[in-house]
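For the numbers below, each heavy atom of this structure counts, side chains included, while hydrogens, waters and symmetry mates do not.
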Amino acid sequence: MFVMLTLPFMQGCSLSTSSVAEPQAVTLRHGVDTTAGGLAVFIIETPTATYYLDKKGGGLSSLIDADGNDWIGFAPTPGSGWQGEYRGFPNAVHKQDGNYFHPVNASTDLSSSHITHHSAKHAQITVDSGNKQWQAVWDFYPDRLDFSMAKVSQGYTYWVQYEGVPGGTLNDSDFYYNSAAPTRRNIQESFHGDLPSPEWYAFGDTQASSMLYLLHHTDDTAPDSYEGRPFMTVLGFGRQHKNKYLTTPSRFSLGFIRSHDYHTIKQKVTALSSPTP
């Protein structure tokens, strides 16, 4: 993926020629996602993933694993549907006091984004919806991304979705696990119901070395669902059919783990969901 880059933003970094830059586990710079129609993005690179966060849409347009596979594959082409324009993360606010936190397509309402922190181990970007009624906070760490819906428009609901392509292309080699059962499931097998705590999903491709996990840190009673489409996944925390059920601020994590083993992934997400002593 070719991108046009500027110098990385480094909080508190001196530009003196005599200073020595500290190696960073989390780098943040401005660029263009050329595979997503030339969107202006923040590019966040970590040891496990590279994230392309659309500055105006407030959603991920590309999600690259350590082997170079894009697990989203967003393209804004009108009419492309599941093959491009619907894809992204978290695609959270849809016809609920606006359309926000989605890479910009024909329906996306624009947001404003700004860097609120950047250090060697943590980058934070805050996104405010154009109507000022929603706010999202993105926290990038060496091993994962945390997405938080920090402000919810009063009287409205949302969902948090992963609409993408495991391993780069949706095909018969794709599969998933979730917290409801330890059984590997075909990518086209649907799921409907409230996931047991900790609420998580993990997507894989037998041809890819990593799996993508997604964790909802709140154990709620809202329904969750998964549907396989012809060209992409449709995982929704707080979703049933086209209805949205999340009403309060909440935090979600996603990241890659180099394993196809259910118990290894469960151990990882369980540790993330446990309160820090």
Would you please say whether a donor-acceptor pair under 3.5 Å links the side chains of His117 and Ser119?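 Yes, because at least one side-chain N or O of His117 sits under 3.5 Å from a partner of the opposite role on Ser119.
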
For Asp220 and Thr218, does a side-chain donor sit closer than 3.5 Å to a side-chain acceptor?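 No, Thr218 and Asp220 have no side-chain donor paired with an acceptor closer than 3.5 Å.
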
Is there a donor-acceptor pair under 3.5 Å between the side chain of Ser179 and the backbone N or O of Glu199? no

Which residues satisfy the side chain to side chain donor-acceptor pair (under 3.5 Å) test with [X], sequence neighbours excluded?
X	value
Ser129	Asn131
Tyr201	Asn178
Ser61	Asp33
Glu85	none

Minimum-distance pair of heavy atoms, taken over all atoms of [X] and [Y]:
X	Y	value
Ile187	Tyr226	O-OH, 2.7 Å
Pro90	Gly58	CD-O, 4.3 Å
Gly238	Asp224	N-OD1, 3.0 Å
Ala36	Pro76	O-CD, 3.5 Å
Ala222	Asp194	O-OD1, 3.1 Å

Less than 3.5 Å apart, which donor and acceptor atoms pair up between the side chains of residues 134-153 and the rest of the protein, not counting sequence neighbours?
| residue | atom | partner | partner atom | Å |
| --- | --- | --- | --- | --- |
| Trp134 | NE1 | Asp97 | O | 3.3 |
| Gln135 | NE2 | Asp128 | OD1 | 2.7 |
| Asp139 | OD1 | His122 | NE2 | 2.7 |
| Asp139 | OD1 | Gln124 | NE2 | 2.7 |
| Asp143 | OD2 | Lys268 | NZ | 3.1 |
| Arg144 | NE | Asp146 | OD1 | 3.0 |
| Arg144 | NH2 | Asp146 | OD2 | 3.4 |
| Asp146 | OD1 | Ser253 | OG | 2.5 |
| Asp146 | OD2 | Arg251 | NH1 | 3.1 |
| Lys151 | NZ | Lys132 | O | 2.8 |
| Ser153 | OG | Asp97 | OD2 | 2.5 |

Are the aromatic rings of Trp71 and Phe256 close, with centres under 6.0 Å apart? yes

Close aromatic pair by centroid cut-off 6.0 Å: Tyr162 and Tyr176: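 For Tyr162 and Tyr176, the ring centres are not under 6.0 Å apart.
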
Any chance you could pull the hydrophobic cluster mates of Met232, using side-chain heavy atoms under 4.5 angstrom and chaining through other members? Trp82, Tyr86, Phe231, Val234

For Trp159, the other hydrophobic cluster members (4.5 Å side-chain criterion, sorted by chain and number) are none

Holding to side-chain contact (heavy atoms from CB on, under 4.5 Å), I want the full list of residues that pass it with [X], two or more places apart in sequence or in another chain.
X	answer
Val104	Leu39, Asp54, Lys56, Thr108, Leu110
Pro223	Gln240, Tyr245
Ser190	His192, Glu227

Could you go step by step and tell me if Leu170 and Gln83 meet the side chain to side chain contact (heavy atoms under 4.5 Å, CB included) rule? CA-CA 10 Å; Leu170 198 74; Gln83 292 180 277; over 6 Å; no

Under the side chain to side chain contact (heavy atoms under 4.5 Å, CB included) rule, what do Thr233 and Gln161 come out as? Steps first, then yes or no, please. CA-CA 9 Å; Thr233 61; Gln161 301 188 111; over 6 Å; no

Would you compute the distance between atom CG of Asp70 and atom OG1 of Thr169 and round it to the nearest 0.5 angstrom?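 So the gap between those two atoms works out to 9.5 Å.
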
Would you compute the distance between atom CG of Leu212 and atom CD1 of Ile257 and round it to the nearest 0.5 angstrom?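 The CG atom of Leu212 sits 11.0 Å away from the CD1 atom of Ile257.
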
Look at atom CG of Asp172 and say whether more than 12 heavy atoms of other residues, nucleotides or ligands are closer to it than 6.0 Å. no

Might you confirm whether atom CD of Gln267 has over 12 heavy atoms from other residues, nucleotides or ligands at distances under 6.0 Å?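 No, because the 6.0 Å sphere around CD of Gln267 holds 12 heavy atoms or fewer from other groups.
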
Tyr158, Phe89, Phe252 screened by ring-ring contact (aromatic ring centres under 6.0 Å, His included) with Phe237, the one that passes: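 Running ring-ring contact (aromatic ring centres under 6.0 Å, His included) over Tyr158, Phe89, Phe252 with Phe237 returns exactly one hit, Phe252.
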
Reference residue Thr157; test side-chain hydrogen bond (donor to acceptor under 3.5 Å, both in side chains); the match among Lys244, Gln96, His94, Arg239: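 Of the listed options, the one satisfying the test is Gln96.
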
Checking His217 now: which residues fulfil ring pair (Phe, Tyr, Trp, His ring centres under 6.0 Å) with it, not counting sequence neighbours? none

Quick one: do Arg184 and His260 satisfy side chain to side chain contact (heavy atoms under 4.5 Å, CB included)? Show the steps, please. CA-CA 10 Å; Arg184 181 181 290 198; His260 288 180; 3.9 Å; yes

Using the salt bridge (charged side-chain N to carboxylate O under 4.0 Å, His left out) rule, collect all pairs that involve residues 252-263, keeping only residues at least two apart or in two chains. Asp67-Arg258

Which class fits the ring pair Tyr177 and Tyr262: parallel under 30°, tilted 30 to 60°, perpendicular over 60°?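 Correct class here is perpendicular.
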
Evaluate Thr206 against Phe175 for side chain to side chain contact (heavy atoms under 4.5 Å, CB included), listing each step before the verdict. CA-CA 8 Å; Thr206 58; Phe175 63 95; 4.0 Å; yes

